Structure formats: C-alpha cells, structure tokens
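Encoded as structure tokens, the structure appears first; notes follow it.
Quick note: residue numbers are just sequence positions, from 1. What you see is a predicted model; the values in this text were computed from it and never measured.
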Amino acid sequence: MSDKVPSFFIYGEPDRPVDVGFLHMETVMERKSLHSGQVSAHRHDRMAQITFWTRGRGEYFIEDRRLDFIAPAVSYIPSGVVHGFTVAPEETDAIVASIADSALPPIAALSALPIEEPIMVRGQSESRFWLSLAATMQRLLEDYRQGQMAPLGALLAVAMNDIALLGQTGRIGEREGHDLALAFRRLVDRHFRDAWPIERYVTALGTTPHLLARACGASHGLSAKAFIDRRRLIEAKRLLVFTIRSVEDVAYEIGFRDPAYFSRFFRKHVGEPPGEWRIGQARHGGARTP
C-alpha cells in the first residue's frame, strides 16, 4: 500500500492529458495480463467510465462501498472517484467505455443520468432496459473497433439513459438549479481541503445563500454545508482505506487543523473514531453494501 491512490489514463497506463472529446472502448479481459481479475484501487482524473458486466460475478468497490454482483450489472464512475474490482477472469467479463470529461456535456444533455454521481446497478435482470443496454454497449464496442466514431456519442447517451432508468435515478425534465449545483460541486472538489466557509463559495459562484441552498437541496438532497462535509468524509475514508497515512496526516490533508476535532467530526458521521474504523475496514475487507 502506498501513500497515494494511483491515477491512470486507461488502466495500467500512466496518467496523461486526454484529447478533447476522447472516447475509448474495450473489454475488461483485454487487460487480463495486467490484473488477472484483481483491479486494485485507482481513479481516472480526466475521464468517466461505464462498466457493463456481461457475464460472471465478483465484487466491485466504489470509494468505501463494496458491492457483490452477478451479471448483468453496470456502473457509472465519474472522474476522480476511486474504484476497483475482484472477479474470476475465466468466468467474468465486461464492456468498458471511457469518456473524457470534455466529451460528457453534450452526451449528458441527452440523458437523464446525473454525471457527477457514481452509481452501480445490480440485479433486475427481467427489466427490458438490460436488453437495451446490452445491445447498445455491444454496438458501441463493435463500432469503436471498426473505427465508426460518429455514432458513439449518441449511443453513449442511450446507454447512460438506460442506466438511469435501471437505477431509477433519472429525473426527466429540468432540474432546478442544476447548473449552480454542478458548479458548486466542482468548486467543492477543488477547495474542500481549504476549509472555505459557505460565504466564500457563495461569492465565488456569484449567487446568494438562498439560491445555493435551494440548488443543493434540489440536486443533491443536502444542505451546502452537509455536501461539503460529505466530500471531506469521502476523502478521509479514501485515505484511511487506501493509503498508509496516519490519522493526523489525513486530518491535515482534508483541511482540519486539529486532529482531535477531525476525530470528533468523523465519529459523529460514521459512529466510531477514524483509527478504529480503519482497523475494522482492514479486518473485514471494507463496508459491504447489500
């Protein structure tokens, strides 16, 4: 274990700048020689990914959540989110779409899937949307391999819409304050370590406390402060689980000047101090989500 979660371009390849509009399709087992079915914690800082499991079973993790799955199953992971999986390589495979952040806005405009939130959908194999998603992902893979790039954006929008419908997360129509909530989320990602007060976010976004509160509630179901706290907590869990950094170092990394105050913050939200929580994660292999 290192002191940093690695960021890759495509899995196993060093991180590098991504061309505007970059799209990439492949199967998980095309890189079997690199991972043998065990993909350790990593992230992609400039790309989102859709992973559609076509056969087999395994365990997928997203940040601190661990989810058992049996195909069909699908995940959407935004850029910067830590993820990985363990599967039997001879029995399991998936189709993976990697989408540059710069390519997402026009695709997302045609889809009901919120592009800033990770999601994994399992089960419900009787739903007709699994058949639709399977056909679309297979078409994406075949078109990509044949160099037919023009249809890929539209096909990805169809796939993302099917994921939203399968997960019942899509909200058809306009989402009040969505643009403001999205800008707030991005600003939080850049500055949550700096312990900005809400007023500074309001000023930076050129809005009002009331409008920001309404946008956060409508898009994220949280107050602005609770959203920032959740982001800091996610980063704390990520560092505790996937690195060897001390609790004190984790506290400083996410913007707490007082490690004791960080411990109280963590215990309030998680139910136990960070050191004990880390030991429990190591003992039980992470929090398991049914």
I'd like to know whether His83 forms a ring pair (Phe, Tyr, Trp, His ring centres under 6.0 Å) with Phe61, so could you lay out the CA-CA distance, the side-chain angles of the two residues, the decisive distance to 0.1 Å, and finally the verdict. CA-CA 5 Å; His83 60 287; Phe61 63 83; 7.9 Å; no
Take Arg43 and Val81, measure what side-chain contact (heavy atoms from CB on, under 4.5 Å) needs, and give me the verdict at the end. CA-CA 6 Å; Arg43 67 184 191 273; Val81 173; over 6 Å; no
Under the criterion side-chain contact (heavy atoms from CB on, under 4.5 Å), I'd like the reasoning laid out for Trp277 against Val247: C-alpha separation, chi angles, the key distance, then a yes or no. CA-CA 11 Å; Trp277 183 83; Val247 170; over 6 Å; no
Can Thr51 and Ile77 be said to form a side-chain contact (heavy atoms from CB on, under 4.5 Å), step by step? CA-CA 8 Å; Thr51 304; Ile77 306 294; 5.9 Å; no
Assess the residue pair Asp194 and Arg200 against the criterion (salt bridge (Lys or Arg N to Asp or Glu O under 4.0 Å)); give the C-alpha distance rounded to whole Å, side-chain angles, the decisive distance to 0.1 Å, and a yes or no. CA-CA 11 Å; Asp194 302 326; Arg200 189 163 181 181; over 6 Å; no
After noting the C-alpha distance and the side-chain angles of Leu141 and Phe52, does the key distance pass the side-chain contact (heavy atoms from CB on, under 4.5 Å) rule? CA-CA 11 Å; Leu141 183 63; Phe52 175 62; over 6 Å; no
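Note that CD1 of Ile254 is 7.5 Å distant from CG of Leu239, once rounded to the nearest 0.5 Å. Taken from NE2 in His191 to CH2 in Trp196, the straight-line distance is 3.5 Å, to the nearest 0.5 Å. To the nearest 0.5 angstrom, Leu180 atom CG is 5.0 Å from Thr207 atom OG1. Separation of atoms CD (Gln281) and CD (Glu276) is listed at 12.5 Å; rounding is to 0.5 Å. From Ser79, atom OG reaches atom CG of Leu104 across 8.0 Å, with rounding to the nearest 0.5 Å. Once rounded to the nearest 0.5 Å, the distance linking CG of Leu140 with CG of Leu152 reads 6.0 Å.
In this structure, the ring of Tyr144 has its center less than 6.0 angstrom from the ring center of His24.
At distances below 3.5 Å, at least one donor-acceptor pair connects side-chain atoms of His44 with backbone N or O atoms of Phe8. At least one donor-acceptor pair under 3.5 Å links the side chain of Asn161 to the backbone N or O of Ala112. Here the side chain of Arg46 pairs no donor or acceptor atom with the backbone of Asp101 at under 3.5 angstrom. Of the possible polar contacts, none joining the His35 side chain to the Ser33 backbone as a donor-acceptor pair under 3.5 Å is found. In this structure, the side chain of Tyr76 engages the main chain of Ile115 through a donor-acceptor pair within 3.5 Å.
Hydrophobic cluster membership is shared by Phe242 and Leu240, with clusters built from Ile, Leu, Val, Met, Phe, Trp and Tyr side chains linked at under 4.5 angstrom. With hydrophobic clusters built from ILVMFWY side chains whose heavy atoms lie under 4.5 angstrom apart, Ile234 does not share a cluster with Phe256. The same ILVMFWY cluster, assembled from side-chain heavy atoms under 4.5 Å apart, contains both Met149 and Met160. In terms of hydrophobic clustering, with Ile, Leu, Val, Met, Phe, Trp and Tyr side chains grouped at heavy-atom distances under 4.5 Å, Leu133 and Ile70 are assigned to different clusters.
In the hydrophobic clustering (ILVMFWY side chains linked at under 4.5 Å, chained through shared members), Phe22 is joined by Phe9, Ile10, Val18, Met47.
With hydrogens and angles left out, the side-chain atoms of Ser7 and Asp45 include a donor and acceptor closer than 3.5 Å. No side-chain donor from either of Thr54 and Asp93 sits under 3.5 Å from a side-chain acceptor of the other. Glu142 and Gln146 share no side-chain donor-acceptor pair at under 3.5 Å. Side-chain contact of Gln49 with Ser98: a donor-acceptor pair under 3.5 Å is present, judged by distance alone.
Under the 4.0 Å criterion applied to side-chain N and carboxylate O atoms, Arg145 and Asp143 are not assigned as salt-bridge partners. A salt bridge is defined here as a Lys NZ or Arg NE, NH1 or NH2 lying under 4.0 Å from an Asp or Glu carboxylate O, and Asp189 with Arg231 meets this definition. Look at Arg230 and Glu235 and you find no salt bridge, because none of the NZ, NE, NH1 or NH2 atoms lies under 4.0 Å from a carboxylate O. The existence of a salt bridge linking Glu63 and Lys237 is excluded, since no basic side-chain nitrogen approaches an acidic carboxylate oxygen closer than 4.0 Å. A salt bridge links Glu26 with Arg31: the closest approach of a Lys/Arg side-chain nitrogen to an acidic carboxylate oxygen falls below 4.0 angstrom.
Looking at every heavy atom in both residues, Gly80 comes nearest to Arg238 through O-NH2, 2.9 Å. When all heavy atoms of Ala204 and Leu187 are compared, the closest pair comes out as CB-CD2, 3.7 Å. Considering every non-hydrogen atom in both Ala215 and Ala181, the closest pair reads O-CB, 3.8 Å. Across Ala48 and Pro78, no two heavy atoms sit closer than the pair CB-CA, 4.0 Å. Across all their heavy atoms, Ser36 and Pro89 have their closest contact at O-CG, 3.6 Å. Between Ser40 and Tyr11, the shortest heavy-atom distance links the atoms N-OH, 3.8 Å.
When the ring pair (Phe, Tyr, Trp, His ring centres under 6.0 Å) test is applied to Phe184, the partners found at least two apart in sequence or on another chain are Tyr201, Phe227.
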Can I get a per-line list of side-chain donor-acceptor pairs under 3.5 Å for residues 257-269, giving both atom names and the distance, sequence neighbours left out?
{"residue": "Asp258", "atom": "OD1", "partner": "Ala260", "partner atom": "N", "Å": "2.9"}
{"residue": "Ser263", "atom": "OG", "partner": "Pro259", "partner atom": "O", "Å": "3.3"}

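A 4.5 Å side-chain heavy-atom check between Val121 and Trp130 finds at least one atom pair inside the cut-off. Residues Ile62 and Ile119 fail the side-chain proximity criterion, which asks for heavy atoms closer than 4.5 Å.
Using a 30° and 60° split on the angle between ring planes, Tyr60 and Phe85 fall in the parallel class, below 30°.
Around the CZ atom of Arg57, the shell of radius 6.0 Å holds no more than 12 heavy atoms that belong to other residues, nucleotides or ligands. Residue Glu117 qualifies as enclosed at atom CD: its count of foreign heavy atoms under 6.0 Å is above 12.
Because its NZ or CZ atom is not both nearer than 6.0 Å to the ring centre of Phe192 and within 45° of the ring axis, Arg232 does not count as a cation-pi partner of that residue.
A side-chain contact (heavy atoms from CB on, under 4.5 Å) with Trp53 holds for exactly one of Ile95, Val74, Thr92, Val96; it is Thr92.
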